[in-house]
Amino acid sequence: MARRVTAVPGAGSTSGDGAQAAERPGPAPLSQARRLGREFFARDSRVVAVELLNKVLVHDDPGAGLIAGRIVEVEAYLGADDPASHSYRGTTPRTQVMFGPAGHLYVYFSYGMHWCANAVTGDDGVGTAVLVRALAPLEGRATMHERRPAARRERDLCSGPARLTQALGLDGRHNGLDLCAASAAVWIADDDTAPPARPSASPRIGISKAVEHSWRWYVSGDPNVS
DNA sequence: CCGCCGATCTTT
DNA sequence: AAGATCGGCGGG
């Protein structure tokens with residue numbers, strides 16, 4: 001049977017499973033995980049994408065508490081040379097954040113009803129980012145289920161770019177947020193879980209241009225991959 | 001499990 | 001007119 005990781009003090013109405021593991025290998029508790037710094041993001045989006053696998057996306061949601069999931073699927077987007085990227089045609093009101101400094105959150109409105117979240121990467125002014133496409137739920141499952149009544153199984157909570165923003169409570173208010181600022185309510189944490197040694201790759205999902213590039217990566221076998 | 005399609009609105 | 005999507009529905 002699957003063992004849950006419930007480790008965060010403070011907020012909340014987590015369901016009590018009284019078991020307390022004395023010693024076990026595996027990820028450090030979320031309370032000890034380190035917020036990724038600017039230098040992590042300020043590299044080629046394809047490198048950052050792969051290294052984001054198995055990191056933890058966290059939202060310290062006012063009112064709802066900590067909600068978090070392990071990143072299991074990502075896509076890299078480039079700039080002027082990537083026709084599938086929002087930044088392909090240069091700076092616009094929508095893509096302004098993408099062209100800003102690395103380590104900020106680019107949240108865009110999709111298909112008239114969904115929000116999707118990216119981490120801005122690379123050098124300032126280049127317009128590259130990594131789309132987070134799926135998470136393995138780690139913390140705040142009860143809140144995730146409340147926010148996503150359509151998800152009947154746990155693997156439907158965060159298995160898609162717009163599903164995970166719903167589950168974590170991310171939307172346009174978070175566009176431009178600095179993931180690296182110590183005071184920011186959203187961050188990406190390293191809990192000492194390494195990226196997969198051999199991540200799977202494929203073309204990006206839902207695009208019709210630049211389909212020749214395999215710039216989607218995921219943790220093979222993870223049930224939360226979209 | 002898979003494919004189809006409508007929702008809904010921003011951007012081109 | 002298309003889009004970095006999702007969920008409901010029908011069929012296998």
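Side-chain atoms are counted along with the backbone in the values below, which use heavy atoms only and exclude waters and symmetry mates.
The residue A:I207 sits close only to the backbone: its heavy atoms come under 4.0 Å of sugar-phosphate atoms, none of a base.
Listed by chain and number, the residues in a side chain to side chain donor-acceptor pair (under 3.5 Å) with A:T143 amount to none (sequence neighbours excluded). Legend: residues meeting side chain to side chain donor-acceptor pair (under 3.5 Å) with A:N175, ordered by chain and number and at least two apart, are absent. For A:S220, the side chain to side chain contact (heavy atoms under 4.5 Å, CB included) test picks out A:S200, with sequence neighbours left out.
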Just distance, no hydrogens or angles: give the donor-acceptor pairs under 3.5 Å from side chains in residues 180-188 of chain A, sequence neighbours left out.
none

Scan the side chains in residues 99-116 of chain A for donor-acceptor partners under 3.5 Å anywhere in the protein, sequence neighbours excluded, and list what turns up.
| residue | atom | partner | partner atom | Å |
| --- | --- | --- | --- | --- |
| A:H104 | ND1 | A:G176 | O | 2.9 |
| A:Y106 | OH | A:H86 | ND1 | 2.7 |

Could you tabulate the donor-acceptor pairs under 3.5 Å formed by side-chain atoms of residues 59-67 of chain A, not counting sequence neighbours?
| residue | atom | partner | partner atom | Å |
| --- | --- | --- | --- | --- |
| A:H59 | ND1 | A:L168 | O | 2.6 |
| A:D61 | OD2 | A:R147 | NH1 | 3.2 |
| A:D61 | OD2 | A:R147 | NH2 | 2.4 |

Donor-acceptor pairs under 3.5 Å, side chain of residues 124-137 of chain A to any protein atom, not counting sequence neighbours: which ones?
| residue | atom | partner | partner atom | Å |
| --- | --- | --- | --- | --- |
| A:T128 | OG1 | A:T121 | O | 3.1 |
| A:T128 | OG1 | A:T121 | OG1 | 2.8 |
| A:R133 | NE | A:E73 | OE2 | 2.8 |
| A:R133 | NH2 | A:S226 | OG | 3.2 |

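The CH2-C1' distance, from A:W217 to C:dA4, rounds to 14 Å in whole Å. Atom CZ in A:R152 sits roughly 16 Å away from atom C1' in B:dC1 (whole-Å rounding). If you take OH of A:Y108 and P of B:dC9, they are 17 Å apart, rounded to a whole angstrom. Rounded to a whole Å, the CH2 atom of A:W115 is 21 Å from the P atom of B:dA7.
Contact of A:Y111 with B:dA7 (side chain to base): no donor-acceptor pair of N or O atoms is detected under 3.5 Å.
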Could you run down nucleotides 6-12 of chain C 5' to 3' and tag each one B, S or - for protein heavy-atom contact under 4.0 Å?
SS-----

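Consecutive Watson-Crick or G-U pairing (both distances under 3.5 Å) extending over three or more pairs maps onto DNA chain C as B:1-7 with C:5-11, B:9-11 with C:1-3.
Contact check, A:S110 against B:dT10: no side-chain N or O comes under 4.0 Å of OP1 or OP2.
A:V56 and A:L36 fall into different hydrophobic clusters, where Ile, Leu, Val, Met, Phe, Trp and Tyr side chains are chained together by heavy-atom contacts under 4.5 Å. Hydrophobic clustering, with ILVMFWY side chains joined whenever heavy atoms are under 4.5 angstrom apart, groups A:W215 together with A:F41.
Out of B:dT11, C:dG3, C:dA4, the shortest distance to the side chain of A:R94 is found at B:dT11.
Within the structure, the salt bridge (Lys or Arg N to Asp or Glu O under 4.0 Å) test picks out no pair touching residues 108-120 of chain A (sequence neighbours left out). Identified under the salt bridge (Lys or Arg N to Asp or Glu O under 4.0 Å) test for residues 27-43 of chain A, with sequence neighbours left out: A:R34-A:D190, A:R34-A:D192, A:R38-A:D178, A:R43-A:E51.
Contacts of residues 73-91 of chain A with DNA chain B (heavy atom under 4.0 Å): none.
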